Amino acid sequence: MIDKFVRSVAEALEGVADGSTVLVGGFGAVGQPNALIEGLIEQGAKDLTVVANNAGTGQVGLARLMLLGRVRKIVCSFPRSAGSVVFEELYKAGRIELEIVPQGTLAERLRAAGAGVPAFFTATAAGTLLAQGKEVRDYNGRPCVLELALPGDVALVEAWRADRWGNLAYRSSGRNFNPIMAMAGKLTVVQTQHVAADPGIDPEIVVTPGIFVDRVVHIPYGDPQG
Amino acid sequence: MIDKFVRSVAEALEGVADGSTVLVGGFGAVGQPNALIEGLIEQGAKDLTVVANNAGTGQVGLARLMLLGRVRKIVCSFPRSAGSVVFEELYKAGRIELEIVPQGTLAERLRAAGAGVPAFFTATAAGTLLAQGKEVRDYNGRPCVLELALPGDVALVEAWRADRWGNLAYRSSGRNFNPIMAMAGKLTVVQTQHVAADPGIDPEIVVTPGIFVDRVVHIPYGDPQG
Amino acid sequence: MSEAMVGFRPLGRQQMAARVARDIPDGWYVNLGIGVPTLVADHIPPDREVVIHSENGLLGMGPAPEAGQIDPWLINAGKQHVTLRPGGSYFHHADSFSMIRGGHLDLCVLGAFEVAANGDIANWAVPNTDGAPAVGGAMDLAVGARRVWVVMEHTTKDGQPRLVERCAYPLTAPGAVTRVYTNLAVIDITQAGFVLREMAPGLDFATLQQRTGAPLHRAP
Amino acid sequence: MSEAMVGFRPLGRQQMAARVARDIPDGWYVNLGIGVPTLVADHIPPDREVVIHSENGLLGMGPAPEAGQIDPWLINAGKQHVTLRPGGSYFHHADSFSMIRGGHLDLCVLGAFEVAANGDIANWAVPNTDGAPAVGGAMDLAVGARRVWVVMEHTTKDGQPRLVERCAYPLTAPGAVTRVYTNLAVIDITQAGFVLREMAPGLDFATLQQRTGAPLHRAP
């Protein structure tokens, strides 16, 4: 019988190795897998590459992971936000590497990794600083940049509801990067607010089919902060 | 006020021009926009390129459109199926052009067209007859083929439910190519079995957001044949 | 010397937003950038249904919720609490940016540091700073929407033109903008460059040209 | 001369399907091709939950419905009426092939005309025919699934080997297959080529080698 639920965050994060690329869902405070990020801090993996839309705020969560010197590199679209003090300081000190990616290219690169597309062309960023060093080719009369898939060793995802097969549904803007990161992670770990009892989530309204999910932990976390 | 419903199939297909590329949803008999295909036969556009998974069966629908000499070319993954007699005869007589595309590449090319990705690499078909003449490049140690987006001038889609904003939901395996063709069509025309009254389909379970849809006609068509 | 003293009345932020809103037809799908563009939503005439897209996965974004009615799970790309209108929908980031990059938005309204006479837009990075760059969805929006309109102050705080011959700031996208709404004017960008459509009340062409960094053409 | 007369018992179609099913562990995500592969689903031991994927947008495909219980909207990639098991889901074709091409399926079981000692598979086209080619999802499955197993007759109807040194039929994918189940044997494909794992009851190595178009190695 398939049952992807594990009993604890520690169990959910077992085996995350040093040097891993970790995809972290969420946009702003919504849909962010806070308990799993805390768990990753506990778990101890270091030399991480973190892929997330933002670069953490305050002294908790991603910011704390960075403050502890565990993040070698961050890949994101918008590292500068209210309260991203830890990142800013590490960046200015040259102690963290930054790969800045347009938000749509970030989303598409993650989806590509999940879909078996190793590379694709896009008009976004052509003719800008972010296209430097990249292959450019014209399509339909406009220059397009070649971008690579962005797979993760681990994806950390927050869902609103999950069933034992790992099927997921989200709540309003909590969907954001979570479904595509679930696709792009080699090991996809989910914290869910609610559990859907058998026979599981209605097959017509599953957003992330269980095939993309490896482990689920039930964390009735409550409302996002902010 | 937005209201994408039109009163007739004729109105739904107004303006489809000769030489158009027409994307036709459905897999087998399920999710096939039969009334719109019949409407296209009536409407008269010719010299069409049809993109569909199959090449029609019997003497009706797509097969009839081909029989009437209105289809210059068909792009599909599996033209040979039980009853695809019209296509087979035209093909053997050299009176229809065929572009054969692996089913996953077909789906990805349609989705790419809708997503603004002009071209992408895929391992599918590398080292086979279907890669002949295509650019090949190695990624992760395996050869990959460069494939182009496949946009449509018109997309014909069948939905289970639609609201006045053009939001769509489908029924079980009737989903198939419909959502990605809706994305890929410059003019996307939908026949729907049911109408969702205001305030429309629950925003959490919309499969095709209305932004991808131009016209909707209510056709309580009934069960797919077969 | 205030603008009023030289005899014309520049538009305020709300007036600029209202001016943009007036040009958005019923039924359009529109993404609004941060700042003045966000204000545009409040000025859409009530007889028009305009569907607002937010990058983080919303179509049909509505106004801020009333006090006590906040859904903490429902934010927009600016991370503000919002509401969803009837007919709206939720989707993930790849689908959201497919709408943007796939050419499905009728319009995107953006703020900018500079816009050039060839349609180039610079709105994401400041030159020569040691801070981390941050691009968000700016490049996707500038490249993907069917029309890109910019709304911004006509000049910088120290009077330098923001409408220029060629952008000095790092580009967001080349040749993307087709119309600019400023506190002083409405200007189209055509093959010929900047074409004046409208001026603030009391303003004259010569004064406007003086504050603009590239030739202004009168509308034919 | 029937196989039975030479002293061994080739497996029938259901036996071949059952033999494959025996090797599929609990919890795997599996796509089953048309023909004998489809039969595999009926032989999964009841204590194992194996999730069957169908290209046309189903996970958790169940058996054919009982008479009178047909849902005409629910078909599989072979266009047969099927059912959906608890825990299943529906999705569109791009998502469905993302599962295949993105390496999310543990296993795909395919039929084939030929399999070569280097793992090449030919299962979509017959050489020198004037009929239209038809590929369906064969190439995507052969390239995308984590493991590709083939189930087929060991030889053609006129006794020619289907396990060959090099495919004569047009390739579906190079180097894709890791195991072949035939009516005569179970054979792994390794760096060394064909490695014999199991023979049909009563069959001897020499006879099997004779019917195989490339060297057979004994399992170490």
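Throughout, protein chains are lettered first and strands after them, A, B, ... in sequence-line order, and every chain is numbered starting at 1. A quick note: this is a predicted structure, and the numbers were derived from the prediction, not measured. The figures here come from the full heavy-atom set of this structure, side chains too, leaving out hydrogens, waters and symmetry mates.
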State, to 0.1 Å, how close G111(D) and N123(D) come at their nearest heavy-atom pair, and which atoms those are.
-> O-ND2, 3.1 Å
Examine whether an atom of S84(B) lies under 4.5 Å from a heavy atom of chain D, and if so say whether it belongs to the side chain, the backbone or both; otherwise answer neither.
-> neither
Contact class of Y90(D) relative to chain B, heavy atoms under 4.5 angstrom | both
Is the backbone of G26(B) close enough, under 3.5 Å, to the side chain of N176(B) for a donor and an acceptor to pair up by distance?
-> yes
Kindly say whether F212(B) contributes a backbone atom to a donor-acceptor pair with the side chain of T188(B) at under 3.5 angstrom?
-> yes
What part of T172(D) gets closer than 4.5 Å to chain B, counting heavy atoms only: side chain, backbone, both or neither?
-> backbone
Please flag which part of I100(D) lies under 4.5 Å from any non-hydrogen atom of chain B: side chain, backbone, both or neither.
-> neither
Do F27(B) and F177(B) have ring centres separated by under 6.0 Å?
-> no
Give, as side chain, backbone, both or neither, the part of N178(B) having an atom under 4.5 angstrom from any heavy atom of chain D.
-> neither
Candidate pair L148(B) and F120(B), rule side-chain contact (heavy atoms from CB on, under 4.5 Å), full reasoning = CA-CA 7 Å; L148(B) 298 179; F120(B) 60 89; over 6 Å; no
If you tally heavy-atom pairs under 4.5 Å between each of A107(B), C76(B), P143(B) and chain D, the highest tally belongs to A107(B)
Side chain / backbone / both / neither for R80(B) at chain D, heavy atoms under 4.5 Å = both
Contact winner vs chain B - P174(D), A132(D), G57(D), G137(D), heavy-atom pairs under 4.5 Å | A132(D)
Could you tell me whether a side-chain N or O of S20(B) sits under 3.5 Å from a main-chain N or O of V22(B), the two making a donor and an acceptor?
-> no
Considering only heavy atoms and a distance below 4.5 Å, find which of L141(D), L58(D), D71(D) pairs most often with chain B.
-> D71(D)
D120(D) versus chain B, heavy atoms under 4.5 Å apart: side chain, backbone, both or neither?
-> neither
Are the charged groups of E198(D) and R19(D) less than 4.0 angstrom apart, N to O?
-> yes
Enclosure of R146(D) CZ (heavy-atom neighbours >12, cutoff 6.0 Å) | yes
When the 4.5 angstrom heavy-atom criterion is applied to A126(B) and chain D, the contacting part is backbone
Heavy-atom contacts under 4.5 Å, residues 86-99 of chain B to chain D = F87(B), E88(B), Y91(B), K92(B), L98(B)
Could you check Q32(B), R171(B), Q193(B) and say which one makes a side chain to side chain donor-acceptor pair (under 3.5 Å) with E158(B)?
-> Q193(B)
With under 30° as parallel and over 60° as perpendicular, where do the rings of W73(D) and W160(B) fit, or are they tilted in between?
-> perpendicular
Between D188(D) and T190(D), a side-chain donor and acceptor under 3.5 Å = no
Is it true that R179(D) and D23(D) have a side-chain N and a carboxylate O under 4.0 angstrom from each other?
-> yes
Residue part contacting chain D, namely of V101(B), when any heavy atom lies under 4.5 Å | backbone
